[in-house]
Amino acid sequence: MSSSPAGIPDDVSMHLVECWDDAADFRRWLGERRPVLAVDTETSGMEWWDGDLRLVQFGDAMSGWAIPFEPWKGLIRESLKDYEGPLVFHNAKFDLHWLETNGAFPRRHRVNDTAVMAHLVSPDQRVGLKECSARWLDARAATGQSELKKAMSKAQWTWGTIPIDFEGYWVYAALDVVLTARLYEHLVPQVRADFGRVYDLEMACSHILMDMETRGVRVDLSYCQEQYEKLHAYSVEARAWCKNTYGFEAGSNRNVAAQLMGDGVVLTKRTDRGAWSMTEEVLSGIEHPLAQTVLSIRKSEKLANSYFANFIEMADGDLLHPSVRPLGARTGRMSVTNPALQTLPRGRLVRDAFIAREGHLMVGADYEQVEMRLAAHFSEDEGLIEAFKSEGDFFTVMGRSIFDDPTFEKSDPRRSLVKNGMYAKVYGSGTARFAETVGIPEHEAQTFMLKLDQSFPGLRTFADSVGRTAAMRGVREGTEYIRTPTGRRLVAPEGRSYALVNAAIQGTAADIFKQAIVKLDAAGLGEYLVMPVHDELILSVPEELVPEVEAGLVEVMERDDFLVPLAVDSHHGVRWGSLK
DNA sequence: GTCGCTTGCCAC
DNA sequence: AAACGTGGCAAGCGAC
């Protein structure tokens with residue numbers, strides 16, 4: 001069956017495999033020579049471990065083939081196994097999950113990813129197939145999708161139930177591979193020329209993370225249940241008290257503010273849109289039973305719902321399959337969702353929900369103050385570099401030199417000023433914000449920042465040089481950007497070029513972290529990975545191998561090729577929470 | 001009922 | 001001259 005309905009370029013042919021003749025035609029087509037074979041899947045949803053693979057599409061710049069998986073799984077498996085040429089997916093990790101869990105194994109070392117390419121070229125833009133096609137191929141690329149959405153809602157179809165032979169479904173599915181193939185041909189010259197090294201890093205890392213997602217994270221469901229019930233019981237009781245006493249929901253900030261003011265509380269801070277601000281910071285300063293109750297309700301509901309209930313809800317048996325986006329942030333950092341395991345509260349309560357596999361222990365290995373060390377590296381500042389090379393606590397050594405006081409010890413109250421001041425530098429904050437976070441008057445903050453700059457002049461030099469480079473490129477190329485040592489491109493957010501100082505540090509830390517993941521996989525430790533957390537790796541390791549693996553991790557992760565050593569600390573325990 | 005926005009809060 | 005960076009998630013709430 002061939003077709004070319006509205007919105008599809010005339011020179012493109014679309015095919016749906018429905019009979020053996022179609023299958024034979026597909027195999028003949030597959031045997032032709034082409035620069036790249038694009039592959040995509042349509043599925044019943046997002047949960048690849050518990051859902052149906054419905055359609056697999058193959059295509060190149062001129063043809064798209066949609067093949068229903070269930071009746072043609074043999075054809076699809078054989079075709080993917082046999083195909084030796086370059087492959088391209090748009091967001092390969094997602095499709096590979098579906099294909100592999102359904103017994104179809106494309107050659108991974110041949111896999112390319114246009115979403116990765118797009119992110120490297122334009123790290124500040126959305127990298128959906130539609131957006132990329134509209135940006136680089138044809139502004140009308142997304143037109144078919146809205147028609148399909150309308151038809152689906154009219155007939156009450158979901159992605160799991162829409163008939164596979166409904167033309168608006170399979171034709172646009174087949175168009176997606178054509179777009180992917182064209183995107184690849186458009187982007188690959190630039191990616192090869194400008195981003196070869198970081199692209200290879202991203203692809204290697206992506207496969208390791210995919211296998212990590214497949215293995216999943218083991219969760220202690222009865223612990224979650226127990227904690228949830230305790231917290232939930234409290235919040236039900238506290239909400240009822242609030243309703244009975246004041247007549248409104250504790251979650252309604254508008255009503256809470258009105259009640260507090262009615263009871264004589266003076267509010268001064270407002271939100272961006274002009275409402276009375278009811279943040280933790282504001283409420284904790286108010287001595288009123290309502291303020292305190294609202295705070296504890298928020299706290300316990302956050303714990304109960306965002307964490308424990310969420311874990312129970314998402315579990316596949318006793319496993320969670322969090323989804324990692326290797327290029328989640330514009331800086332090259334990863335992000336994690338379902339659940340967001342990178343934002344678990346510190347301390348034992350929530351982290352203890354995650355346990356090692358049977359016969360295993362949890363192992364954690366983290367880069368110590370990696371961003372501070374990179375700040376020292378990029379600044380080339382003798383004093384900062386010395387502070388990291390000398391024995392003892394970095395911020396204490398810095399404190400001695402800033403205040404010219406050899407008696408400055410780790411317990412010195414000024415240490416937090418030093419630490420916060422350095423973070424303010426690294427994040428690019430101004431003196432006003434810095435003064436607020438450390439709780440000192442602005443003129444004191446100013447004096448301190450001046451002292452910091454004088455003690456470590458490299459910090460300014462570094463910031464200036466980032467600014468100059470970005471500004472120069474802004475003029476010459478129209479975009480303010482810098483590159484990390486691996487070639488990753490970092491683009492300044494609109495009107496905030498100062499953020500590039502932080503981006504350089506954060507982006508380089510991301511590169512280092514990803515290189516560590518690739519190296520540890522090469523060293524045979526990849527199979528133990530559980531979760532990456534920005535500068536810390538969480539693993540589940542067979543008990544008897546723990547000492548060996550910890551030594552291996554330190555060996556693989558630590559680096560000496562920067563101006564300061566990058567040090568790694570490791571721990572082990574039964575639960576995530578027991579890693580110090 | 002769903003959707004998107006706002007507000008608030010968790011991490012590194 | 002001055003500018004705290006990067007994310008995800010849930011509840012409330014108004015619009016459709």
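Naming convention: chains lettered A, B, ... in sequence-line order (proteins, then strands); numbering from 1 in each chain.
Using a 3.5 Å distance cut-off with no hydrogens or angles, the side chains of Tyr367(A) and Glu371(A) do not pair a donor with an acceptor. Under 3.5 Å, the side chains of Asn255(A) and Gln259(A) contain no donor-acceptor pair of N or O atoms.
Within the cation-pi definition used here (under 6.0 Å to the ring centroid, within 45° of the axis), Arg414(A) does not qualify as a partner of Phe395(A).
The ring pair (Phe, Tyr, Trp, His ring centres under 6.0 Å) check on Tyr228(A) picks up His232(A), with sequence neighbours excluded.
dC12(B) and dC4(C): their P atoms are spaced 22 Å apart (whole Å).
Nearest heavy atoms, Leu525(A) versus Leu553(A): CD1-N, 4.1 Å.
Applying a 4.0 Å cut-off to non-hydrogen atoms, the residues of residues 429-459 of chain A that approach DNA chain C are Ser429(A), Gly430(A), Thr431(A), Arg433(A), Thr437(A), listed by residue number. Looking at residues 497-505 of chain A, you'll see Tyr498(A), Asn502(A) sit with a heavy atom under 4.0 Å from some atom of DNA chain C.
Salt bridge present: Asp318(A) and Arg218(A) bring a charged side-chain N and a carboxylate O closer than 4.0 Å. Between Asp453(A) and Lys425(A) a salt bridge is recorded (basic side-chain N to carboxylate O distance below 4.0 Å).
Helical stems of DNA chain B (runs of at least 3 Watson-Crick or G-U pairs, donor-acceptor distances under 3.5 Å) are listed by first residue: B:1-12 with C:5-16.
Residue His377(A) qualifies as enclosed at atom NE2: its count of foreign heavy atoms under 6.0 Å is above 12.
Here CD1 of Ile355(A) is found 4.5 Å from CG of Asp220(A). Values are rounded to the nearest 0.5 Å.
When atom types are taken as modelled, the side chain of His90(A) and the backbone of Leu129(A) share a donor-acceptor pair closer than 3.5 angstrom.
Minimum atom distance to the side chain of Asn310(A) is reached by dA10(C), of the listed dG8(C), dA10(C), dT6(C).
In this structure, Ala250(A) and Ala424(A) both approach DNA chain C, and ranking their closest nucleotides by distance from the 5' end singles out Ala424(A).
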Please report, to 0.1 Å, the donor-acceptor pairs under 3.5 Å made by any side chain of residues 426-441 of chain A, with sequence neighbours excluded.
unit_1, atom_1, unit_2, atom_2, d
Thr437(A), OG1, Arg433(A), O, 3.1
Thr437(A), OG1, Phe434(A), O, 2.9

inquiry  = One character per nucleotide, please: for nucleotides 5-12 of chain B, 5' to 3', B when the base has a protein heavy atom closer than 4.0 Å, S when only the sugar-phosphate does, - otherwise.
reply    = -SSSBBSB

